[in-house]
Protein chains: 2
Amino acid sequence: MKARVFVTLKTGVLDPQGEAVKHSLASLGFQGINAVRQGKVIELDLAETDPARAEASVRDMCAKLLANAVIENYAVEILS
Amino acid sequence: MKARVFVTLKTGVLDPQGEAVKHSLASLGFQGINAVRQGKVIELDLAETDPARAEASVRDMCAKLLANAVIENYAVEILS
């Protein structure tokens, strides 16, 4: 079973990587970019075959390691 | 209009961040993790209102800056 975790900075948390990308795109001539935020995507290949148990396990991984709940949000997607 | 770009390493390209996450999860007691790959997600807020033009513009950004086509794949998602 595959799972995907999206980890993004919470609104209001400074995102220097996103700002750098925004400025680079502007200097390459791309216009009309209001904001850029950069986050992480973590793809997991799990031996678990039950979707509900896989999701519970991945949420536990997020809480314990993958995301910093103080400054980051996360979303879990179970793929197949 | 919002767009999301997923940038992931191509299959076969060594992913030290993913390996580090895999080992950390194992040492926290999570079992049955076959593989972990880590990539980037870039969220763009664009002034463009036409979905087709927004997607073309974002694909151009990927080719020029956001992804390294030699070692990375990218996927574009237009949100609203």
Exercise for the section: Select one option (side chain, backbone, both, neither) describing which atoms of A:L25 are under 4.5 Å from chain B's heavy atoms. Expected result: both

Exercise for the section: Among the options A:S57, A:G39, A:A47, pick out the one with the most heavy-atom pairs lying under 4.5 Å from chain B. Expected result: A:G39

Practice task
Look at the side-chain heavy atoms of Ile, Leu, Val, Met, Phe, Trp and Tyr, link any pair under 4.5 Å apart, and say whether B:Y74 and B:L9 land in one connected group.
Solution key: no

Handout entry: Joint cluster assignment, A:M1 & A:V76, ILVMFWY side-chain distance < 4.5 Å
Key = yes

Fill in the blank from the handout: All heavy atoms of A:V21 vs all of B:L65, minimum pair found to be O-CD2, 4.1 Å

Problem - Co-membership, hydrophobic cluster, residues A:I78 and B:F30, 4.5 Å side-chain - result: yes

Practice task
Report yes if some heavy atom in the side chain of A:L46 is under 4.5 Å from a heavy atom in the side chain of B:I33; otherwise report no.
Solution key: yes

Practice task
Give a yes or no on whether A:V70 and A:V13 share a hydrophobic cluster (residues Ile, Leu, Val, Met, Phe, Trp, Tyr; joining criterion: side-chain heavy atoms under 4.5 Å apart).
Solution key: yes

Problem - Reported CZ-to-CZ distance for the pair B:F6 and A:R4, which is rounded to 0.5 angstrom - result: 6.0 Å

Practice task
Would you indicate whether A:K10, at its atom NZ, is surrounded by more than 12 heavy atoms from other residues, nucleotides or ligands within a distance under 6.0 Å?
Solution key: yes

Exercise for the section: Tell me, out of B:L44, B:D60, B:N34, B:L28, who's got the most heavy-atom pairs with chain A below 4.5 Å. Expected result: B:N34

Completion exercise
Most contact-rich option vs chain A, by heavy-atom pairs under 4.5 angstrom, among B:K22, B:K64, B:R37, B:Q31, is B:R37

Exercise for the section: Check whether B:I42 gets within reach of chain A through its side chain, its backbone, both or neither, counting any heavy atom under 4.5 Å. Expected result: both

Handout entry: Residue selection (most heavy-atom pairs with chain B, distance under 4.5 Å) from A:V36, A:D45, A:L66
Key = A:D45

Exercise for the section: Report whether A:L79 and A:V41 are members of the same hydrophobic cluster (ILVMFWY, side-chain heavy atoms less than 4.5 Å apart, transitive linking). Expected result: no

Handout entry: Nearest heavy atoms of A:T8 and B:E43, plus distance in Å
Key = CG2-OE2, 3.9 Å

